[in-house]
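Written below as structure tokens is the structure these notes are about.
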Amino acid sequence: MTVKETKKGKTSKAESSSDDDVTLSRKTKKETKKPAPKKEDAKVKKEKEPEEDTMIKWWEEGTQHPGGQHWLTLEHNGVLFPPEYVPHGLPCHYKMEDGKLKEIKMEPDEEEVCTMFAVMREQTRPPSDYYINPIFRKNFFMDWLQILNSNPERNMKRFGSKQHPIRSLEKVNFDRIWEWHLEQKEIKKALTKEQKLQIKKEKDEAEQLYKYCIWDGKKQPVGNFRIEPPGLFRGRGKHPLMGKLKRRVKPEDITINIGPGAKVPEAPAGHKWKEVRTDNMVTWLANWTENVNGQGKYVMLAASSMVKGKSDHKKFENARKLGQMIDSIREKYREGWKSPDVGIQQRSVAMYFIDFLALRCGHEKGEDEAETFGACSLKCEHINLEEERDHVVFDFLGKDSIRYYNKVKVESKVWELLRKFVKGKTPNSDLFDRLIPTHLNSYLKELMPGLSAKVFRTYNASWTLDKEFFDDPVSDSISLPEKLVYFNAANTKVAILCNHQKSVGKGFQKAMTVLEDRLKMLKNLYSRLEDVKELSKKHKNNWQAKVDEQWEKDEHEQQQAWLEQYGTEEEKTAYKEKRAGKKPSKPKTTTATTTTKSSSSKPKEPEKKKSDPKPKTKREKKQMESDSDSDIPLAKKKKASKSAKGDDSGSDVPKKKSKKTKLEKRKAFESSEEDEPMKKKSKK
DNA sequence: TCGTAGACTTGGAAAAATTTTG
DNA sequence: CAAAATTTTTCCAAGTCTACGA
């Protein structure tokens, strides 16, 4: 199918960009609910203050500072530090040679890190299965051990040996601390409402100072003013450093960026900042270097702030601009497929992937990172051309180690080129060995100022959403829930395009079972009602009695069936007795309370009536036990196909270069080919 | 021609808040 | 009211991309 028409009106929306959606829905929700609830405590609900003065229309132009400066004046109060560690004083235990557990008392520094780990005990399922992950455990243990052995004198005094007695993580028993953790949770839960409120109030108060800054004289919300607390690094996928201690950030680690002449926030008593500077070419208020990966962390403004808004705006304007010339760009890369230059061929195919499949650019990753891929960094083993002619099966781990699996039909020419690129190469060599992101982007920049690989994602995501709305406009007459379904369906298209996926949570299987169960029940009820309807037609005169009888019979049969399958002996007996000494209960033929509320839940079944009968019979609610089998329906993929139409016109092909001197990093990782983060294990 | 540091965007998971159920 | 379900917010790792430096 050709897609020539790609421009849409000015209605392109944010689509997957969570921020935008969130903002939108939040607003809507708030307004909707406002009229309804009257709050007994007027103060609980903090309504939006007018704040008209800050409502400047920055998108309308003119508000730009020259030379790439982001601000002229900037005031803020610095950052908020997490609370100091409060020791609980509890020991852990260590399994000795004789199998006995020996109590190990800990100093606060030892205990703090120990507790970080101990408390993760239940994190045993993907994607957060850190507690049982060997890499995580090893890294944590190394760092903990380092602390345990950091003070030989201390150890000598306590254990009569410079080396701490703990040598192996497997022999450490954290039960006591785990119990403490559970207790703490209970305590927290048991707090009275007033206490909870009080705590929250105190927290809010502590935040007040840091929540806003004054940016060019305007009050603006700060995003992450809270310094990240120490913890165990939770790298995703097969991150080699997961589990390492992310140490506590001190004022001495922090650089403050603030306007000229503005009052410099004071560092906590007894401390000082690493540096205080004034740099209006950047937007951050503070920064520090995190120790695990050595990367910078920044305190910046919130998504709702002006700067972020501007930049977001620019992003979409940019994508819109791409929309104006997407046709010619598509022509260009199609032209490139025919180039005699392999570099250009590769670049052109990569562009096709980025455009057509919305793949990310894909930069090279380092030794200390999980191995993930994108368009430019694909390996030969990530594509399979054998399945079907002109089809490519992609299978690789993308950002966050989320699997990209997709079988697509591609242009013949592309398929042929791919075959050529793969030829004679080992599976783990680069598919596009002559292409690097820098070159791709600088080429894109030539095609259109401001163009880079990611702009295609933004553009195509917006285009997709737009197309949904255009092809199948919302009808005014449908209900709000229906509109929601409509909107979500469109959004799902975008999610599929961009390969956005969420892992199924712990409760998913259970929730699904309940839902299926309920569906089954409703269907059953429906058919019974149908039967009864027939019956009542047949017995015009004494239909009531007939219906009662039939109903009771059904009920009994079902109950029997249920007991047969799930019931315990006691339950069976109890039922028998109950039935013996009881007269038929009255059926609820005509329900007066048919709340015809559209099911709404899963869009799969066209449910009609839902006369939700909360069965009076002892419908055991423990059906969660059943735990039927099966796999989780997960990310099915279909591909919206849009294609670029092409022909010839491209002329001068930009210079190609690209060498690629990637040091072959042989990953000693086990090459377990399948390792889906998706298995579902029911735990007792 | 790289390689990298620095700055900023992305986006999934966990936590918190809110609403619905029982 | 408490527990469960659902929605919103927060958190922060993991990307992108450009400018610099040699």
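So you know, we letter chains A, B, ... as the sequences are listed, proteins then strands, and number each from 1.
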Round to a whole Å and report the spacing from [atom1] of [X] to [atom2] of [N].
X        : N      : atom1 : atom2 : value
A:His239 : B:dG12 : NE2   : P     : 18 Å
A:Lys201 : B:dA17 : NZ    : C1'   : 19 Å
A:Asn318 : B:dC8  : CG    : C1'   : 15 Å
A:Tyr404 : C:dG15 : OH    : P     : 16 Å
A:His500 : B:dG12 : NE2   : C1'   : 10 Å
A:Lys502 : B:dG12 : NZ    : P     : 6 Å
A:Leu285 : B:dC8  : CG    : P     : 11 Å
A:Lys246 : C:dC12 : NZ    : C1'   : 6 Å

Which residue lies more 5' along DNA chain C, comparing A:Leu484 with A:Arg234 via nearest heavy atoms
A:Leu484
Please compare A:Arg226 and A:Lys399 by the position of their nearest nucleotide in DNA chain C and report the one closer to 5'.
A:Arg226
Looking for any heavy atom pair under 4.0 Å, which part of the strands does [X] touch: base, sugar-phosphate only, or nothing?
X        : result
A:Gly237 : nothing
A:Ala453 : sugar-phosphate
A:Lys200 : sugar-phosphate
A:Gly296 : nothing
A:Gly398 : sugar-phosphate

Reckon [X] has a side-chain N or O less than 4.0 Å from the OP1 or OP2 of [N]?
X        : N      : answer
A:Lys297 : C:dA13 : yes
A:Ser503 : B:dA13 : yes
A:Thr438 : C:dC17 : no
A:Arg360 : B:dG11 : yes
A:Ser401 : C:dA14 : no
A:Asn441 : C:dC17 : yes
A:Lys365 : C:dG15 : yes
A:Lys315 : B:dT10 : yes
A:Thr372 : C:dA14 : no
A:Ser452 : C:dT16 : no
A:Lys454 : B:dT10 : yes

Ring center gap for A:Phe117 and A:Phe140 short of 6.0 angstrom
yes
Is the charged tip of A:Arg137 near the ring of A:Tyr131: under 6.0 Å from the six-membered ring centre and within 45° of its axis?
yes
Can the positive tip of A:Arg347 be found less than 6.0 Å from the middle of the six-membered ring of A:Tyr443, inside 45° of the ring normal?
yes
The nucleotide from C:dT16, B:dA13, B:dG6 with an atom nearest the side chain of A:His363 is C:dT16
Given C:dC17, B:dA7, C:dC12, the nucleotide with the shortest approach to the side chain of A:Glu228
C:dC12
Heavy-atom nearest nucleotide on DNA chain B taken for A:Met281 and for A:Ile402; more 5' hit belongs to A:Met281
For A:Lys321, is the NZ atom crowded, meaning more than 12 foreign heavy atoms sit under 6.0 Å from it?
yes
Are side-chain heavy atoms of A:Gln346 and A:Asp430 found at a separation under 4.5 Å?
no
Less than 4.5 Å apart, side chain to side chain, heavy atoms only: is that true for A:Phe487 and A:Val485?
no
With distance as the sole criterion, do the side chain of A:Arg236 and the base of C:dA13 form a donor-acceptor contact below 3.5 Å?
yes
Consider only side-chain N and O atoms of A:Asp355 and A:Asn460, and report whether a donor and an acceptor are under 3.5 Å apart.
yes
